[in-house]
Amino acid sequence: MKLYQSYVNAHQKTFLSANTIPLDAQNNVENSQREYELFKKIKSNHNAGNSDPWGMVSWKFEHKCLIKPEEFMEFARTRLASGYDCIFINPMIGNESLYFNVWEQGIDCGHAGLDKVAAFLELKLGARITALMGNTSFAFCNYFIATPAFWDAYFSFVDHALGLLESEISNKSEVGNIYGGSAHYGRDTSLSMRPFVIERLFSSFIVHSEFKCIGYQYSLTQYQAKFGSQLGNFLFKLSALKNKGINSMDNTVLQKFHEIRCNILKGPFKTAVWQLDDPLAYFLTQEYKSLGYE
C-alpha cells in the first residue's frame, strides 16, 4: 500500500509525514487542476500490473482530519486485508451531519447552478447522483486509498461525467456555462466549478458502485475537539439520527432529522460549522506560528 502526500512549497513540505511519499504539486496549481490531475499522474507512473493499493492526501491532512496519516494508513491496511476495495476519510464531519448529500451542501454554500449540473448528470448518466449519503459515502477532499480496480472504475466514471460537461461548454448551453464558469468560492474566486464537481463525484460513484467501500468513523471526542463540547455533541447526535434514517429508510426519522437540522441551516450557525469543519491553512503559516502558539 502506498500513500502519497502533496505539497507545493518548502513550508508545506515540513508538514508531510515521514511515512508517506512526497509528491511535488508545484506544476499543478492552475485553475482547473487540483487533486484529480495528481491522481492521474500517480496512475501513469505505476507499473502495468502493479496490484498495490494507493491513495493521495494533501499536506493539510492532519490539520483537517484530526488524525495522523499513519493512523489512517493503519485503518486502511486492516480493511484492505479484510477485502475492502476503497477506504476513505471525510474531514467534513459537520457538513455530513447537516446535509442529505454532498451536492445539497454545495448548493447551500453558494456554488450557484450546481443543482442544474447535478440534474444534468443524473439525466445523462442514468444514476441518482443526488442519492441520500450517510457516513458510508458522504466525503469531501478525496482522501482515499483504493485498489487499482477501483481506481480504474472511478477514473472511467469521472472522465465520462466530465466529458459530458465539457461537451456542454462547447455547445454553450446553460449547464456548460455554469460548469465552466466561476464556482463563487470565497477562499479562491478564480476557481471554476470543475474541481467542486469532481470532488462530489467520488461520493456519487461509491453510492452506486459494487465495490466494497468503508469510511473512517469519528468518535464523539473528535467531534468535540473540532467544534467544542456543545456543538460537537449536537452534530455527533444529528449525524447518528440521519444515518439511522438512511440505514432503515425510515421517512419518519429522516423528517425528524430535517426538522432539527433546520435550526442550524436557517440561522447563522451553519457558517460556524463550515469554518470549523475546514479550518484555514493560516493556522499552519509561519506568521501564525510567530505568535508563539505552536
Side-chain angles (χ1 to χ4, degrees), residues 64 88-123 125-141 178 183-186 193 196-197 199-209 213-279:
K64 294 165 78 80
F88 70 89
I89 184 169
N90 170 44
M92 308 306 174
I93 52 178
N95 282 275
E96 187 277 323
S97 299
L98 291 175
Y99 295 100
F100 279 115
N101 59 57
V102 295
W103 300 91
E104 183 192 42
Q105 185 274 351
I107 295 163
D108 191 47
C109 75
H111 294 315
L114 189 62
D115 54 333
K116 295 181 179 180
V117 172
F120 169 82
L121 289 176
E122 285 195 343
L123 177 64
L125 297 176
R128 184 73 191 281
I129 293 295
T130 57
L132 293 174
M133 296 174 184
N135 54 24
T136 59
S137 57
F138 190 110
F140 283 119
C141 299
I178 292 169
H184 305 285
Y185 182 54
M193 194 74 81
F196 299 96
V197 170
E199 183 178 28
R200 287 165 174 81
L201 284 172
F202 172 73
S203 293
S204 292
F205 175 67
I206 62 176
V207 163
H208 297 290
S209 79
C213 306
I214 189 171
Y216 177 89
Q217 299 303 307
Y218 284 84
S219 67
L220 173 59
T221 301
Q222 289 170 310
Y223 274 78
Q224 292 173 334
K226 177 169 268 198
F227 300 104
S229 179
Q230 291 184 323
L231 183 56
N233 189 55
F234 172 82
L235 293 171
F236 180 81
K237 291 182 177 180
L238 189 61
S239 173
L241 181 65
K242 183 187 85 168
N243 282 277
K244 177 182 178 182
I246 292 175
N247 293 334
S248 64
M249 291 309 296
D250 188 328
N251 289 329
T252 301
V253 175
L254 291 173
Q255 180 60 32
K256 182 179 180 181
F257 159 75
H258 175 64
E259 291 171 357
I260 294 174
R261 74 174 184 149
C262 284
N263 293 320
I264 299 295
L265 294 181
K266 291 183 178 179
F269 292 105
K270 69 178 179 182
T271 304
V273 175
W274 294 344
Q275 297 299 325
L276 292 170
D277 226 5
D278 190 12

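Heavy-atom basis, side chains included; hydrogens, waters and symmetry copies ignored.
Rounded to the nearest 0.5 angstrom, L114 CG and I107 CD1 are separated by 5.5 Å. With values rounded to the nearest 0.5 angstrom, E259 atom CD is found 9.5 Å from N263 atom CG. Here L121 contributes atom CG and I129 contributes atom CD1; the two are 5.5 Å apart, rounded to the nearest 0.5 Å. Atoms CD1 and CD, on I93 and Q217 in that order, are 10.5 Å from each other to the nearest 0.5 Å. Separation of atoms CG (L98) and CD (Q105) is listed at 9.5 Å; rounding is to 0.5 Å.
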Distance-only donor-acceptor pairs under 3.5 Å for side chains of residues 229-240, two or more places apart:
from	atom 1	to	atom 2	distance (Å)
S239	OG	E96	OE1	2.6
S239	OG	N243	ND2	3.3

Item to complete: Given side-chain contact (heavy atoms from CB on, under 4.5 Å), test K256 with I260 step by step and report yes or no.
Response: CA-CA 6 Å; K256 182 179 180 181; I260 294 174; 4.0 Å; yes

Fill in: Check against side-chain contact (heavy atoms from CB on, under 4.5 Å), I214 and T136
CA-CA 6 Å; I214 189 171; T136 59; over 6 Å; no

Item to complete: For side-chain contact (heavy atoms from CB on, under 4.5 Å), just list the numbers for S204 and M133, CA-CA rounded to whole Å, side-chain angles, deciding distance to a tenth of an Å, and then say yes or no.
Response: CA-CA 9 Å; S204 292; M133 296 174 184; 3.7 Å; yes

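Taking a cutoff of 4.0 Å between a charged side-chain nitrogen and a carboxylate oxygen, E104 and K242 do not qualify as a salt bridge. Ion pairing of D277 with K64 is absent here, as no side-chain N (NZ or NE/NH1/NH2) approaches a carboxylate O to less than 4.0 Å.
No side-chain donor from either of W103 and S203 sits under 3.5 Å from a side-chain acceptor of the other. There is a side-chain donor-acceptor pair under 3.5 Å between T130 and E122.
In this structure, the side chain of H208 engages the main chain of R128 through a donor-acceptor pair within 3.5 Å. Checking side-chain atoms of Q275 against main-chain N and O of V273 turns up no donor-acceptor pair under 3.5 Å.
Residues Y218 and N90 approach most closely at CE1-O, 3.4 Å, considering heavy atoms. A pairwise comparison of heavy atoms in W274 and N95 identifies CD1-OD1, 3.5 Å as the closest pair. Contact between I206 and S137 at its shortest, heavy atoms only, is CD1-CA, 3.6 Å. The heavy-atom pair separating D108 from Y99 by the smallest distance is OD2-OH, 2.6 Å. Minimum heavy-atom separation, C141 to E199: N-OE2, 2.9 Å. When all heavy atoms of Y223 and S97 are compared, the closest pair comes out as CE2-OG, 3.8 Å.
Side-chain rings of F138 and F100 stay apart, their centers remaining 6.0 Å or farther from each other.
At a threshold of 4.5 Å between non-hydrogen side-chain atoms, the residues R261 and K270 do not count as touching.
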